[in-house]
Amino acid sequence: MSENTKIGPVRVRFAPSPTGYLHVGGARTALFNWLFARHQRGAMILRIEDTDAERNKPELVQGIVEGLRWLGVDWDEGPFYQSQRTDLYQAAGKKLLASGAAFLCYCPAERYAGGDHAVEAQDDEPKAPGARRIVRCTCRDGKPSTPGTKPALRFRVPIGGTTKFFDAVFGEREFSNDEIEDFVLLRSGKGDEEFGQSMYQLGVVVDDIDMRITHVIRGADHISNTPKQVLLYRALGAEAPIFAHVPLILGPDKSRLSKRHGATDVNMYRTEGFLPEAFRNFLALLGWAPGGDEEFLRTKELLEKFSLEGVSRTNAVFDRPKLEWFNTQYLQKLPIEDLLPEVEAELKRSHLWKDEWASGAGREWFAKTVDLLRPRIRLLPDFSSWSRAFFSDDFEIDPEAKAKFWKDPKVPELLAKLAEKLAAIAPSDWNHDACDHALRALAEAEGIKAGLLINATRVAIVGQAVAPPLFDTMVVLARDRVVNRLRRALPAQAAG
RNA sequence: GGCGCUAUGGUGCAACGGUUAGCACGUAGCCCUUUCAAGGCUAAAAUACGGGUUCGAUUCCCGUUAGCGCUACCA
């Protein structure tokens with residue numbers, strides 16, 4: 001609407017750090033950025049924040065990129081790697097040093113590291129009010145605390161006053177400068193380098209300025225970092241962007257979502273067989289709502305409706321049962337042509353795919369079969385496992401199904417008779433009602449309930465107690481397969 | 001410990017001063033039925049607590065409590 005009219009085209013970025021896989025929190029941040037960018041017809045940029053050589057695992061970038069692709073999140077620029085942009089950060093750091101906005105710090109790193117385990121600050125050192133941590137470094141007046149060591153570059157945070165910024169989700173925010181520590185901009189150099197790698201705060205700000213980012217949409221865990229970054233923008237002579245901090249995703253116990261809560265890697269949902277669009281719909285509704293009660297929102301609608309105003313300020317619990325519900329909804333409601341490629345890919349993965357299903361009559365059969373199966377499918381791999389008998393003659397008969405529906409001693413005889421009756425139907429007359437009549441006529445002639453024969457037949461032709469309605473299944477399998485499977489089932493029954 | 005953020009059923013969201021507090025997931029029951037789903041109907045279930053402001057608070061303000069975040073030469 002109007003929030004971006006004076007700052008030109010929207011430019012946003014997703015900036016993961018390759019210290020782990022793409023987790024659902026990051027995925028949602030990426031999704032929100034993407035929805036916002038596409039809704040605003042702006043640009044989406046991917047930037048890899050790999051300035052920590054120690055923790056960084058370059059091979060993880062591949063997985064992150066795959067996760068984003070699966071999610072359907074694409075980008076217009078990048079990926080850019082911060083590890084390849086060090087000159088920019090060094091230059092910015094030196095500029096800040098020259099202007100007096102930063103200073104050299106000779107303190108040993110351990111002096112500040114480790115939170116509660118940090119070295120106790122001396123009584124005469126400026127500390128955050130009531131806290132043990134050191135907020136003002138004694139090096140800021142130019143006197144090296146530990147001469148002879150290589151210095152890091154720290155930002156000279158103003159004494160007194162406040163730093164403000166606007167957050168599209170949380171509103172106007174104001175932080176007291178006395179709470180902000182003299183944070184490190186550039187690590188101390190090793191060997192003969194003047195400085196080491198850039199720290200997070202400097203890299204982010206330098207890049208966001210350089211890439212002309214207009215809206216910084218990221219997790220709410222960064223809200224306390226924001227005043228530091230605003231200070232940096234000012235010191236670098238740039239205008240701060242609009243921030244939008246999105247609430248975090250929690251596990252069922254309301255603690256921050258982590259591995260012990262189960263799958264947090266987006267790629268695990270892909271391999272489990274969730275539909276990306278269902279996953280996207282679910283994720284979009286975690287911390288955002290379009291305002292009404294609609295929940296089944298296809299990506300097109302998400303794109304139309306997304307706005308930062310609808311983003312919630314409260315953390316949300318990742319509710320897997322609801323994700324599963326979304327998946328079954330998509331499995332059932334998607335236009336069949338949207339679902340077919342997913343099923344095709346699944347059958348290829350499990351080597352059940354036949355090329356004859358790619359087009360023509362084969363495609364029609366495939367569409368009809370998938371349509372018959374879909375109400376009972378929960379995850380894509382169910383097409384290969386649970387529905388195997390629809391795509392292959394090579395399937396097992398489930399022992400529990402036998403025990404349940406082949407109990408009656410008359411079953412072998414009944415199935416044999418049914419096979420002969422069905423075999424007598426001309427292929428051109430093979431349809432739901434013909435099968436229905438043939439079976440019910442037999443049941444009546446034998447003086448048994450149709451249900452007994454229906455259930456026994458189902459086990460014989462698909463090997464399971466659970467399947468789509470029998471006569472629809474028979475139509476899809478066609479006469480010869482049904483008859484063959486009935487005949488084949490008899491020795492299996494005797495053996496079982 | 002300090003600073004910050006948040007608070008509607010078990011969960012995700014709606015209601016942006018006036019509703020019998022709505023929808024969905026999940027749960028329970030019923031219907032449908034040829035197995036199992038799906039679908040339909042019904043039920044139980046919430047404004048954290050205490051103060052204000054107001055004719056009127058879920059909604060605005062303060063406090064308490066709880067949860068979460070930040071508090072690294074991590075990002």
Side-chain angles (χ1 to χ4, degrees), chain A residues 15-20 49-52 54-56 82 105 107-118 127-133 135 150-154 170 173 175-176 178-181 183-188 195-197 199-201 203-204 219-227 245 247-248 250 252 254-256 282 285-296 309-310 312-326 328-329 332 374-378 386 401 404-405 439 449-455 457-459 464-471:
Chain A
S17 182
T19 52
E49 308 221 319
D50 54 350
T51 53
D52 186 351
E54 312 237 320
R55 288 161 205 259
N56 189 29
Q82 288 194 320
C105 169
C107 299
E110 316 79 73
R111 216 168 92 83
Y112 294 88
D116 288 346
H117 302 296
K127 299 176 280 281
R132 291 183 292 276
R133 77 186 167 118
V135 289
K150 290 208 134 203
L153 188 70
R154 282 184 188 272
F170 290 90
R173 294 290 123 189
F175 284 79
S176 167
D178 292 337
E179 295 293 338
I180 303 170
E181 75 279 12
F183 53 98
V184 175
L185 266 14
L186 294 173
R187 293 171 169 89
S188 53
F195 290 111
Q197 284 265 279
M199 290 290 287
Y200 168 72
Q201 314 287 0
V204 174
D221 48 341
H222 285 296
I223 205 157
S224 325
N225 284 327
T226 308
H245 288 98
L248 302 177
L250 310 177
K254 304 250 188 176
S255 69
R256 197 172 183 175
F282 168 72
L285 261 22
L286 228 42
W288 173 78
D293 284 334
E294 320 94 295
E295 286 203 294
F296 186 88
E309 287 73 47
S312 143
R313 285 159 320 219
T314 69
N315 294 166
V317 171
F318 186 89
D319 188 37
R320 183 171 167 120
K322 186 128 190 188
L323 166 63
E324 291 176 354
W325 175 79
F326 268 110
T328 57
Q329 288 297 301
Q332 275 176 69
R374 70 205 291 209
R376 270 153 263 255
I377 299 287
R378 297 195 65 76
W386 182 81
K404 187 173 180 188
F405 290 127
L439 185 142
K449 285 198 288 186
L452 173 74
L453 189 51
I454 287 171
N455 290 330
T457 303
R458 180 182 305 107
V459 174
Q464 300 179 152
V466 174
L470 184 69
F471 304 121

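The basis for the numbers below is simple: all heavy atoms, side chains too, and nothing from hydrogens, waters or symmetry mates. Throughout, protein chains are lettered first and strands after them, A, B, ... in sequence-line order, and every chain is numbered starting at 1.
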Classify the nucleic acid contact of [X] as base, sugar-phosphate or nothing, counting any heavy atom under 4.0 Å across all strands shown.
X        : result
A/Pro469 : base
A/Thr314 : sugar-phosphate
A/Gly287 : sugar-phosphate
A/Gln201 : base
A/Pro468 : base
A/Ala289 : sugar-phosphate
A/Arg55  : base
A/Leu470 : base
A/Gly203 : nothing
A/Ala465 : base
A/His222 : base
A/Phe326 : nothing

Where [X] and [Y] come nearest, the two heavy atoms and their spacing:
X        : Y        : value
A/Arg154 : A/Cys105 : NE-SG, 3.1 Å
A/Ala467 : A/Trp386 : CA-CZ2, 3.9 Å
A/Ile454 : A/Leu439 : CG1-CD2, 3.6 Å
A/Glu49  : A/Pro18  : O-CD, 3.6 Å
A/Pro469 : A/Arg376 : CD-NH2, 3.4 Å

Is any side-chain nitrogen or oxygen of [X] closer than 4.0 Å to OP1 or OP2 of [N]?
X        : N      : value
A/Lys254 : B/rU11 : yes
A/Arg187 : B/rA75 : yes
A/Thr51  : B/rA75 : yes
A/Arg173 : B/rC5  : yes
A/Arg320 : B/rG26 : no

Checklist entry - Is any side-chain heavy atom of A/Leu185 less than 4.5 Å from a side-chain heavy atom of A/Met199? => result no
Checklist entry - Going by atom types only, do A/Gln201 and A/Asn225 share a side-chain donor-acceptor pair under 3.5 Å? => result yes
Below 3.5 Å between N/O atoms, which protein atoms pair up with nucleotides 38-42 of chain B? Just atom names and distances, please.
| from | atom 1 | to | atom 2 | distance (Å) |
| --- | --- | --- | --- | --- |
| B/rA38 | O3' | A/Gln332 | OE1 | 3.4 |
| B/rA38 | O2' | A/Gln332 | OE1 | 2.7 |
| B/rG39 | OP1 | A/Gln329 | NE2 | 3.3 |

Next on the checklist: Can you classify the ring geometry of A/His222 versus A/Tyr200 as parallel (below 30°), tilted (30 to 60°) or perpendicular (above 60°)?
Outcome noted: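 Geometry flag for A/Tyr200 against A/His222: parallel rings.
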Return the value, rounded to whole Å, for the distance between atom [atom1] of [X] and atom [atom2] of [N].
X        : N      : atom1 : atom2 : answer
A/Gln82  : B/rA75 : CD    : P     : 8 Å
A/Ile180 : B/rG2  : CD1   : P     : 19 Å
A/Asn225 : B/rA75 : CG    : C1'   : 8 Å
A/Arg313 : B/rG4  : CZ    : C1'   : 15 Å
A/Glu324 : B/rC25 : CD    : C1'   : 11 Å
A/Leu248 : B/rG69 : CG    : C1'   : 7 Å

Item to check | Paired and unpaired positions of RNA chain B as dot-bracket, Watson-Crick or G-U wobble under 3.5 Å, | denoting a partner strand | outcome: (((((((..((((....[...)))).(((((.......)))))....(((((..]....))))))))))))....
Item to check | Donor-acceptor under 3.5 Å (A/Gln464 side chain, A/Val466 main chain) | outcome: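 Yes; at least one donor-acceptor contact below 3.5 Å.
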Checklist entry - About how many Å separate CG of A/Asn315 and NZ of A/Lys254, when rounded to the nearest 0.5 Å? => result 9.0 Å
